[in-house]
Amino acid sequence: MQGWIIDSYPNYDSDSIVVWLWTEHGARRIEDSRFRPSFFMSAPPSELRSYRQRLEILDEIGEVRETRRRLNLGDEEPSPVLEIFPRHYRDLNDLAKTIDSNGGYYDHRLYNIDMRFSQRYFLHHDIFPLGLVDYSHGVWRMQEEQFALEYRLPPLRAALLDIAVDAPMGIPRLQDKLLGARLCEIDIGGSEGEILEKLNAALRDLDPDVILTDGGDSFLMPYLAKKSEALGIGLQLGREPQKLGEKKGRSYFTYGRIVYKPGQYLLKGRLHIDRGHFAYRESEMAGLGELSRLSTIVPQEQARLTPGTAFTAMQINRATRDGVLVMWKKNLPEFFKDAEQLIRADRGGFILEPEVGVHENIVELDYASLYPNIMVKFNLSMETLNCGCCADGGGQPVPGLGYHSCVKRLGLVPRVLRPLIDRKRYYKKLKKEPGPKQEIYRERDTILKWTLVTSFGFQGFRNARFGRIECHESINAHARDLLVRSMEIAEQHGYEVVHGIVDSLWLRPKANASGIDKLVEHINGAIGIPIDLEGVYKWVVFLPCKTTGVGALNRYYGLFQNGEMKLRGIELRKHDTSPFVNEAQKAMLDELSHANNVKEFVERLPRAVAVLQTFAQRLKDGKVPLQDLVLTKAVTRQLDEYTVMTSSVAALKQMKSRGYPIEPGEYIRFVITDGQSKNSEKKVKVADFIQGDEKPDVNEYLKLLCRAGETLLLPLGYTEDRLLEICRSDPPPSDPTPAENPHLKEISRRSGPGYMPTRH
DNA sequence: ATCACCCGGGG
DNA sequence: GTGTACGGGTGAT
């Protein structure tokens with residue numbers, strides 16, 4: 001039987017692995033009870049036998065074998081270890097905890113503990129999800145390479161599931177009445193019980209492979225699960241009966257902020273995918289599939305995880321295939337560092353302060369995937385850094401840190417990254433060529449880019465499975481060194497370096513400057529990591545720090561010769577800005593985008609200010625819909641942990657008083673109705689509770705509007721106060737609204753995190 | 001003035 | 001099941 005693995009999970013009741021295969025003739029369920037997961041324990045050779053005898057007595061243990069495995073990535077030779085087979089799947093984790101904490105074993109370590117059962121099964125049979133496979137007489141045979149560049153996914157049939165819920169409080173709650181449901185094109189109505197029964201029937205008839213939802217994990221699924229239980233009507237959303245398990249949601253710290261992750265509602269044999277989940281949102285099925293194939297995490301789970309988790313899974317797979325065990329807990333002390341070394345090592349990426357103001361004819365060069373490329377080029381991995389085999393001085397030195405990396409053996413991180421970089425390069429090239437698979441290539445490229453971006457951070461993460469802080473430092477040291485060397489080459493070619501951050505250079509060609517192609521070629525040849533021309537700016541404005549006036553590092557906007565605009569750090573790029581202010585800033589940029597050089601830019605300034613004025617007038621006339629004034633703020637802690645009465649806190653109070661507590665990591669959306677008020681009911685109005693008769697705080701929004709204007713125009717002499725003065729007066733008689741710049745529309749659509757786990 | 005709090009990142 | 005560190009901006013006290 002040929003098909004694609006679309007789902008897999010352990011059956012804890014029968015100690016077996018279930019695999020769902022998508023075939024031409026429908027989905028097939030395969031249950032394999034032969035698979036026995038195991039984990040490993042290392043100990044001094046003299047103790048192994050007695051440990052084994054003690055372990056064998058335990059009820060939870062089925063078998064203990066003495067065998068040999070490599071314990072560390074850097075080990076040449078395998079060491080003697082015990083391989084432990086729990087009697088039941090569900091015992092594995094508890095058993096590991098028992099042995100680890102109070103087993104009375106000394107000088108021992110545990111390996112291969114926290115791996116998914118499905119991932120263990122895939123590794124054991126050398127198969128992977130969403131790859132074409134043959135299963136006959138209990139034997140798996142892959143029909144394609146895991147790293148094949150060209151492959152196709154099964155034509156999964158997806159059905160969008162949505163429900164209508166009565167919401168007397170503005171936002172639906174679990175106890176509110178179910179009014180209807182919609183599956184694909186099928187509208188379902190009737191009593192609550194009828195709706196559930198008709199939904200069951202519709203799913204049986206339609207038999208989709210994928211159920212798509214918007215916010216399924218956070219509301220739709222828990223709501224349906226509760227309804228089904230309350231009414232005593234079983235609801236089967238997956239391909240086998242299951243209790244829709246409530247896994248509790250939780251908040252966790254990631255990407256520098258707290259994220260709320262709702263409980264997972266995983267279906268069996270059918271994929272529940274929330275369209276708001278990261279991989280699907282960014283790259284749809286093609287990107288999710290690419291990631292799932294490479295990480296061997298089944299798509300339904302991968303959809304809820306970050307590319308960083310996928311990267312860790314890839315490392316585990318690589319290590320396991322290399323015959324190296326994966327240590328349960330990382331326990332690698334940092335090298336001793338003297339104070340001076342610490343200061344040098346902790347300095348982050350390279351930064352050169354830009355000249356504030358508007359500049360003409362500036363060239364921007366960017367390194368593509370700089371950090372992953374550095375890891376590959378300099379062979380940076382936990383086991384290759386300061387390796388013993390190159391300690392005699394033959395290693396690759398790390399600039400300024402006194403470390404070295406191995407020149408004899410390729411490290412785990414480069415081995416995992418190399419194919420990812422190659423794949424990304426391939427898809428990036430092909431996505432530009434028109435054809436039926438163009439969109440697929442684009443999505444694969446996008447998800448690979450994210451995976452590469454997060455791979456760097458993992459090196460410095462203290463809990464990273466294969467991370468090491470010195471690796472992180474070394475990558476930064478190489479990055480600084482490369483950028484400085486690139487700058488020197490640019491200067492040799494007659495370019496003045498205007499601004500530089502981490503992996504980008506802004507250059508001003510002098511009269512005698514050589515061509516850009518020649519410069520790029522020279523840098524590529526000398527550095528060995530591809531640098532690309534991001535574009536040549538007709539004009540670009542480097543913005544000052546509003547408090548100190550010196551050049552800010554990551555705040556600028558400019559117009560490329562091809563008509564595209566690049567914006568960084570301004571209101572349009574921030575997700576908390578209201579649509580009204582976004583539109584105003586976009587309209588100002590639309591106006592400025594008609595300028596082809598600095599002279600025209602300066603001439604157009606009054607028109608940009610006039611645009612701002614018309615927006616102010618609409619606001620003063622009460623013509624701006626309340627929905628356009630909604631601010632969206634991230635919530636970072638529980639309500640009682642806040643000490644300052646900000647508008648966000650007022651909104652949180654309002655939510656709570658109506659029975660909607662908000663968890664850290666969720667977002668809160670509200671309109672400011674009286675910025676000065678200390679009363680949470682008067683100060684703001686939560687977006688979902690808007691009746692329509694509320695009045696926004698016009699002065700507050702005028703201030704926000706003019707501040708967005710100041711952000712753009714401060715280097716050109718327009719402060720917030722000056723703009724406020726202009727905006728409080730009447731606008732000019734004629735309407736100077738210019739034609740829209742199509743590239744700006746593109747930008748504004750993307751300005752905000754698409755995934756906002758708020759309730760409906 | 002100081003503290004509290006939120007935002008960004010890639011195309 | 002999970003990137004950190006940090007500059008930047010702004011509001012409350």
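Quick caveat, the model's predicted, so the values are computed rather than measured. Quick note on labels: first sequence line is chain A, next is B, and so on, each numbered from 1.
Taking a cutoff of 4.0 Å between a charged side-chain nitrogen and a carboxylate oxygen, A:Glu710 and A:Lys546 qualify as a salt bridge. Under a 4.0 Å N-O distance rule, the pair A:Lys431/A:Asp445 qualifies as a salt bridge.
At least one side-chain nitrogen or oxygen of A:Thr309 sits closer than 4.0 Å to the OP1 or OP2 atom of C:dT2. In terms of phosphate contacts, A:Arg568 brings a side-chain nitrogen or oxygen within less than 4.0 Å of OP1 or OP2 of B:dG10. A sub-4.0 Å separation between OP1 or OP2 of C:dG9 and a side-chain N or O of A:Arg555 is present. Note on A:Arg707: a side-chain N or O is less than 4.0 Å away from OP1 or OP2 of C:dG11. Dashed line: the shortest gap from a side-chain N or O of A:His472 to OP1 or OP2 of C:dT4 is not under 4.0 Å.
Of the possible donor and acceptor atoms, none in the side chain of A:Ser292 sits under 3.5 Å from a partner among the backbone N and O of A:Leu288.
A straight line from NZ of A:Lys633 to P of B:dC7 spans 6 Å, rounded to a whole angstrom. Whole-Å rounding puts the A:Leu652 CG to B:dC6 C1' distance at 13 Å. A:Lys678 places its NZ atom 13 Å from the P atom of C:dG11, with the value rounded to the nearest Å. At whole-Å resolution of the value, CD in A:Glu470 and C1' in C:dT4 are 15 Å apart. Distance CE (A:Met645) to C1' (C:dT10): 17 Å, rounded to an integer number of Å. Rounded to an integer number of Å, the gap from CD1 of A:Ile297 to P of C:dG1 is 9 Å. Spacing between atom CD of A:Glu364 and atom C1' of B:dG10 amounts to 12 Å, rounded to whole angstrom units. Distance A:Met375 CE to C:dG3 P: 14 Å, rounded to the nearest Å.
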Enumerate donor-acceptor pairs with a distance under 3.5 Å from any side-chain N or O in residues 530-538 of chain A to protein atoms, sequence neighbours excluded.
unit_1, atom_1, unit_2, atom_2, d
A:Glu534, OE2, A:Lys566, NZ, 3.1
A:Tyr537, OH, A:Glu364, OE1, 2.5
A:Lys538, NZ, A:Asn596, OD1, 2.7

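Under the ring pair (Phe, Tyr, Trp, His ring centres under 6.0 Å) criterion, A:Tyr441 pairs with A:Tyr427, not counting sequence neighbours. Every residue meeting the ring pair (Phe, Tyr, Trp, His ring centres under 6.0 Å) condition with A:His478, not counting sequence neighbours, appears here in chain and number order: A:Phe378. For A:Tyr89, the ring pair (Phe, Tyr, Trp, His ring centres under 6.0 Å) test picks out A:Phe117, with sequence neighbours left out.
Remark: A:Arg637 is positioned above the aromatic ring of A:Tyr642, its terminal NZ or CZ atom under 6.0 angstrom from the ring centre and at most 45 degrees off the axis.
Counting atom types as modelled, A:Lys574 pairs no side-chain N or O with a base atom of B:dG8 as donor and acceptor under 3.5 Å.
Among pairs with a residue in residues 446-455 of chain A, none fulfils salt bridge (charged side-chain N to carboxylate O under 4.0 Å, His left out), at least two apart in sequence or across chains.
The side chain of A:Thr306 lies closest to C:dT2, out of C:dG9, C:dT2, C:dT13. Among the nucleotides C:dG11, B:dG11, C:dG9, the one closest to any side-chain atom of A:Lys449 is B:dG11. Each of C:dG9, C:dG11, B:dG10 was ranked by its minimum atom distance to the side chain of A:Thr446; first place goes to B:dG10. When distances are taken from the side chain of A:Arg573 to each of C:dG11, B:dG10, C:dG1, the shortest belongs to B:dG10. Residue A:Thr646 has its side chain nearest to C:dA12 when only B:dG10, C:dT10, C:dA12 are considered. For A:Lys546, the listed nucleotide lying nearest its side chain is C:dG9; candidates were B:dG11, C:dA12, C:dG9. Counting only heavy atoms from C-beta on, A:Arg116 has its side chain closest to C:dG1 among B:dG10, C:dG11, C:dG1.
Within the 4.0 angstrom heavy-atom criterion, no nucleotide atom of any strand lies near A:Lys428. Nucleic acid contact class of A:Lys424 (heavy atoms, under 4.0 Å, all strands): none.
Separation of the C1' atoms belonging to B:dG11 and C:dA5 is 24 Å when rounded to the nearest angstrom. Comparing B:dG9 with C:dT2, their P atoms are spaced 23 Å from each other, to the whole Å.
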If you restrict it to nitrogen or oxygen atoms, what contacts under 3.5 Å exist between nucleotides 1-4 of chain B and the protein, and what is each distance?
unit_1, atom_1, unit_2, atom_2, d
B:dA4, O3', A:Thr643, OG1, 3.2

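Between A:Gly675 and A:Asp114, the one whose closest nucleotide on DNA chain C sits nearer the 5' end is A:Asp114.
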